[in-house]
2 protein chains.
Amino acid sequence: MILSAGVRLRSSFLLTKSLRSSRSIPCMPQSSALRRFHRPACLRQSTTPELPAFLQTYKKAVEFPPATHDFESFLSQAEPNTQVVLHGYLGQRADLSKKLSFVRLSDPAMKHSLQVVAFAKNDAFEQLKGLNTHSPVAVRGTAQRKKQKASDTTEQAPEDMWEIALEEIHPLNDFPKELIMTPETVFAPEQRYLQLRSDAELREALAFRAEARNICKKELDEGSDRFVEIETPVLFKSTPEGAREFLVPTRRPGLAYALPQSPQQYKQILMASGIPRYYQFARCFRDEDLRADRQPEFTQLDMEMSFATGQDVMRTIEGVIRRLWSTLMKDPAPEGPFKKVSYQEVMAKYGSDKPDTRYGMEIMRIDHLLPVDLVDKISDLTEPIVEAFKLEANENDPQDTHKFISQFLESPAGAPFNSNPDGAPGVFVFNGRQPLCGLQPFGFEAAEQVEEVLDPDHGDLIILQARPRAPFSGGSTPIGDLRRAMHAYAVSTGFKPAPTGFDFMWVVDFPLFSPSSDTEPGQGGAAGISSTHHPFTAPKTAADVDMLLIDPTQAVADHYDLVVNGVELGGGSRRIHDAAVQEFILRDILKMPVERLADFSHLLDALRAGCPPHAGLALGFDRLVAVMLGKESVRDVIAFPKTGKGGDDAMVKAPSPITEQALETYHLRLRE
Amino acid sequence: MILSAGVRLRSSFLLTKSLRSSRSIPCMPQSSALRRFHRPACLRQSTTPELPAFLQTYKKAVEFPPATHDFESFLSQAEPNTQVVLHGYLGQRADLSKKLSFVRLSDPAMKHSLQVVAFAKNDAFEQLKGLNTHSPVAVRGTAQRKKQKASDTTEQAPEDMWEIALEEIHPLNDFPKELIMTPETVFAPEQRYLQLRSDAELREALAFRAEARNICKKELDEGSDRFVEIETPVLFKSTPEGAREFLVPTRRPGLAYALPQSPQQYKQILMASGIPRYYQFARCFRDEDLRADRQPEFTQLDMEMSFATGQDVMRTIEGVIRRLWSTLMKDPAPEGPFKKVSYQEVMAKYGSDKPDTRYGMEIMRIDHLLPVDLVDKISDLTEPIVEAFKLEANENDPQDTHKFISQFLESPAGAPFNSNPDGAPGVFVFNGRQPLCGLQPFGFEAAEQVEEVLDPDHGDLIILQARPRAPFSGGSTPIGDLRRAMHAYAVSTGFKPAPTGFDFMWVVDFPLFSPSSDTEPGQGGAAGISSTHHPFTAPKTAADVDMLLIDPTQAVADHYDLVVNGVELGGGSRRIHDAAVQEFILRDILKMPVERLADFSHLLDALRAGCPPHAGLALGFDRLVAVMLGKESVRDVIAFPKTGKGGDDAMVKAPSPITEQALETYHLRLRE
């Protein structure tokens, strides 16, 4: 590490005195000499001779002149021959002669820079030569108009019209000479401060994020609904909602807080408390393994409305999105209301509950069209469902398509699909020059029907994939994953153009419950099923309430996910606002043990106190900003993201070893 | 607990089916029948006969009509004989006859209410009679003008001009009959939702808090300095800054995050990262014992500026305070710049580093005026410092003053001062009718001098208090505590009027280091001293840099506390921006062990990379709002405060027992 080159000190030259031994003060405390009344005059005189160099340097840096202007006010108000003091960072120095040097000075935000001219007529000239590029300085000098070549008639930027004739330079700190920082330098996550300092785009992403936050706030603060921003506790308690929680041990043996997965329970209690509209940018925590789009801590725009249904919530959030887009984006603001598509429909059409709908490739079920022998070739499953989609060829050239699909299926992105235990994908290239256009394995009749359904063109790719005959569950099907991966590969290899624009949709009508294996670590129920989202989600209609008794797995949830371009921006639901129904779900449907049920008693008590119906939503704010900026990872829109696999903050080196003393404080011991 | 009266269920009547056994779907997935395609038609018909009552009730509540108006839009646009749907809470019903009832309906925010008239001509009349006060409902009815008595010529509020003739009422939930909620009812912290729902002032405090936050944001966002709101991690790491931190164990054995005491280190690293102006409403955590004005988690308005000094920070914060006061308060906005008073001066004058300066009672040192025998009577200390203050009498009646001081010194607030080991307070009532005006123990000469210095009036109280001859350290002196307690008692008993207005001041020039015993659990150094605020605080002047080598206890810090009316609203400092100096402070002054020093390596590395000078501040936001609203405790401005002594959230019952499974996940075991 280059940065470890800093000064190391010998711990010897301290003349430490104990505080108690310093006797002083014979003067009255209310006198104005008070400010230093306890510093004996004798000591004040004797500046220690052996003050080390770094303290000498620091003494000078402590007292630096305040800036007379920031760069923008200087550039808009500059007058020739006025003296100015500017703060900023030095650029690369150019020594034109032994008596003349130029250097650019960037302002503290690194948005503007000005030329500084140093002549060998004062100390500042030599001082400048001793300073490294990127070092922070205060510069005193005279503003002067830059000479312009008579031949140059192009209009100049204000930054190029002015320069500063250097008179004094105050070094404020030293940028290490051995550290190379150019726009091309790649810094490790350990050096996040250098990543930020060298990458204007990264700093601008943080400023954009702050703006986006303000616009969300404005929409919610100013709307007729009058939301109130309310902070809820971070030191919460462990309740089996679904995700693994972080615990915070206390000094009382065996007792711990838990960090909230979301402010879900507190915001529902707010609804029971007579607060009709709530929102918050809430920090949330999940002890899950790190992925590119997940962090152990993340920020969500969390909101809830009482006397409201999902319709009200969706309308409100559409307003937020529209305002964000119309204020901050070049793309047109999406018109409302956003389309609503059911879970069953997106799973059938796109094999994903958060599909990117911009590039077609819609999936169709075709097993009823296929001859049994073809199905048997495609899969070992009995009576499988067979689905198909079409990838339109680049140039109506079957050869080209063949090449693309072969490369994809050999690539790391594509190869895993070949080992699907339900059967590898069936691959067909539609070719007008071949018998049955290359669809011979279908037989004449099926080929004709498939052609009619998929309407392929010369050179198009047709993909078949089998899956077990079972209801949809979870977030995607193998053919949905294949569609997504194949399209991504096509874009990355230039076979297809990248889709543009934003296609917002609400995915609705999720099943209220899913098989337990889908969630980790689950809600601790013994029923074999868990709430698909969380156990506070309301059934959608009166018919779904009936279904709770008949077959809960068939009940539809009043849950809605906001999806754009293959990204789930957030999700929400109407909540169960009735204590008896909530208790019934926890106890009789999920079959939670009594002690876990007791964890929710505060919520049940609050609902029982005449809580009105309510619905809400949480937008993943990190992800929303990343989508707006077209960033692959939320790390690019977080100042200090966790970067290591274990959720490490590589820069500060967190998490770090617990000391024995801390363990003792919290009545804990490590297991061997 | 009244609320536990809710319905308890027998867990018997479930006809659960396993998901896998439900075979279905012979239809094409892309058909519009999809929405319910996996629900067999046979099941859909058979509504189970034994649907329990609570599910029947819930089914009705699930489908309620949307409101046609909120109350404000209704009141501003109402037309007679139009049908409206309104949502809200029922008030107390008045049955005027067997055929006529009145009930008021409050809107969801409980700000407005309207009269609803129910006639015995439809079902709604009987339904209304079955509903409890405070229950949430949706009401359909016809708007009509209320009849006004001809004699009544006073102008009416819009709420009293309209009423709703009831046609339909949808019960949305039931407020328990056995629960009594009037404006006078006092609810326990366990029922925070009822505290909030029954107390409009409490809900308004939360709305006020949100407004105050927005105004702080505006001032920082819009100012010429262009601050950027940036979120920093909550999952940080343990570093010995001063306060005890909460730990968050991870699944990697022996490793833990720590919750931040403040975003101090991250914000300094932002300064090294080329972000010139940062702020954040940051959640911070300290594992300390609960006091009225302290919570284990709290919110601070945290900010930092690079290329800046304390002057810049103080000017910025004065702008925030002025804007808050001019926008939200009746009191005049404080003029700037606020006065700056040194730590030595406030400790001498008020015996407190956060004095309430509105009520005089300034302390004066008088030991140089006193005869030795008087000093000996007052204290057993050798050559103590003796200080005095005067409490002006209520009515120039020495009798009255005598009574006041006797009662105070016998009260729980006053009695402890009598057992001060440095001597009990010396109490004198100035009485023009007594020899030497009641100051005989002073002797003739001292009495005259003391009279000259304190300028007492007939009936005034003079208090003397000795303390050891030592420099000030810590937050208050016994005489300072006595001054505060005596004044508070005088106000509470009506002996003195309560002070009004806001007197802002900056307390500056704190000692950079204090004896270690003052801080808990300290910074882990072996030097016997700790940083008074935190180890990143810069020495104030070049002379204070020199003092680091001569006698660090004499160095003055560039720290500033914002104090108003005896409350510390926040504090800040210029920071050490030089890695070598920071390392020197940690290693050679505080004598931190090497392994603790290593905890700060990220900060040292960031400073080393050419970090510019910077300064900042954190305002305790909970406390700021409490001061603005004149609340005694921050609990009154926090939605869900911790209320128990151990930092308990009484409502959700946090902290709660750690399960054996969780301990195992985090490789921990409880100590016996």
Side-chain angles (χ1 to χ4, degrees), chain A residues 3 6-7 11 17 19 29 34 38-39 48 54 58-59 87 108-109 136 175 193 196-197 210 228-230 237 246 248 250 255-257 272-274 276 307 342 344 348 365 471 542 545 549 551 553-554 578-581 588 602 605-606 608 610 612 639 652 654-656 658 667-669 671, chain B residues 3 6-7 11 17 19 29 34-35 38-39 48 54 58-59 87 108-109 136 175 193 196-197 210 228-230 237 246 248 250 255-257 272-274 276 307 344 348 365 471 542 545 549 551 553-554 578-581 588 602 605-606 608 610 612 639 652 654-656 658 667-669 671:
Chain A
L3 285 191
V7 189
S11 57
K17 287 190 174 188
L19 186 75
L34 236 191
H38 59 299
R39 180 178 298 174
T48 33
F54 73 91
Y58 182 66
K59 269 172 73 171
H87 295 163
F175 192 84
Y193 40 93
L196 284 162
R197 192 164 157 197
V228 180
E229 189 174 10
I230 295 178
K237 102 170 164 173
F246 286 107
V248 183
T250 68
L255 295 186
Y257 300 105
S273 304
F307 292 95
S342 76
Q344 300 297 340
R365 184 163 166 192
V545 176
L549 287 183
D551 180 355
T553 67
Q554 304 291 323
D578 182 306
V581 178
D588 298 294
H602 54 278
D605 285 345
R608 207 167 276 131
V652 305
S656 64
I658 319 180
H667 311 280
L668 296 170
R669 206 185 283 288
R671 281 171 196 250
Chain B
L3 285 189
V7 189
S11 57
K17 287 188 172 189
L19 186 76
L34 237 188
R35 195 167 287 232
H38 59 299
R39 179 178 301 175
T48 34
F54 74 92
Y58 183 65
K59 269 172 75 171
H87 294 164
F175 191 86
Y193 40 93
L196 283 162
R197 192 162 156 202
V228 180
E229 189 174 10
I230 295 177
K237 103 170 163 173
F246 286 108
V248 183
T250 68
L255 295 186
Y257 300 105
S273 304
F307 292 98
Q344 300 298 341
R365 184 164 166 190
V545 176
L549 287 184
D551 180 356
T553 66
Q554 304 291 323
D578 182 307
V581 178
D588 297 294
H602 54 277
D605 285 346
R608 207 169 275 131
V652 304
S656 63
I658 319 179
H667 312 282
L668 295 171
R669 205 185 285 286
R671 281 171 196 250

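Numbers restart at 1 for each chain; the letters A, B, ... are given by sequence-line order, proteins then strands. Because the structure is predicted, anything quoted here is derived from the model rather than measured.
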Discussion item. Can you tell me which of Ala272(B), Ala639(B), Ala256(B) forms the most heavy-atom pairs within a distance under 4.5 Å of chain A?
Written reply: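 Option with the greatest count: Ala256(B).
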Worksheet entry | Top of Thr250(B), Leu668(B), Asp578(B) for chain A proximity - count of heavy-atom pairs under 4.5 angstrom |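 Going by pairs under 4.5 Å, I would pick Leu668(B).
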Discussion item. Looking at every non-hydrogen atom in both residues, tell me the closest pair between Arg197(A) and Gly610(B) and how far apart they are.
Written reply: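 Residues Arg197(A) and Gly610(B), closest heavy atoms: NH1-O, 3.6 Å.
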Worksheet item: Would you call the rings of Phe307(A) and His87(B) parallel, tilted or perpendicular if under 30° counts as parallel and over 60° as perpendicular?
Response: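 Correct class here is parallel.
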Worksheet entry | Structural part of Ala109(B) lying under 4.5 Å from a heavy atom of chain A |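 Contact with chain A involves both backbone and side-chain atoms of Ala109(B).
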Worksheet item: Roughly how far apart are Arg671(B) CZ and Arg669(A) CZ, rounded to 0.5 Å?
Response: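 Interatomic distance, Arg671(B) CZ to Arg669(A) CZ, rounded to 0.5 Å: 4.5 Å.
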Discussion item. Under 4.5 Å from any heavy atom of chain B, what part of Ser656(A) do you find: side chain, backbone, both or neither?
Written reply: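 Backbone plus side chain of Ser656(A), per the 4.5 Å heavy-atom cut-off to chain B.
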Discussion item. Among Ile658(A), Val228(A), Val248(A), Leu196(A), which residue has the highest count of heavy-atom pairs closer than 4.5 Å to chain B?
Written reply: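 The option with the most such pairs is Ile658(A).
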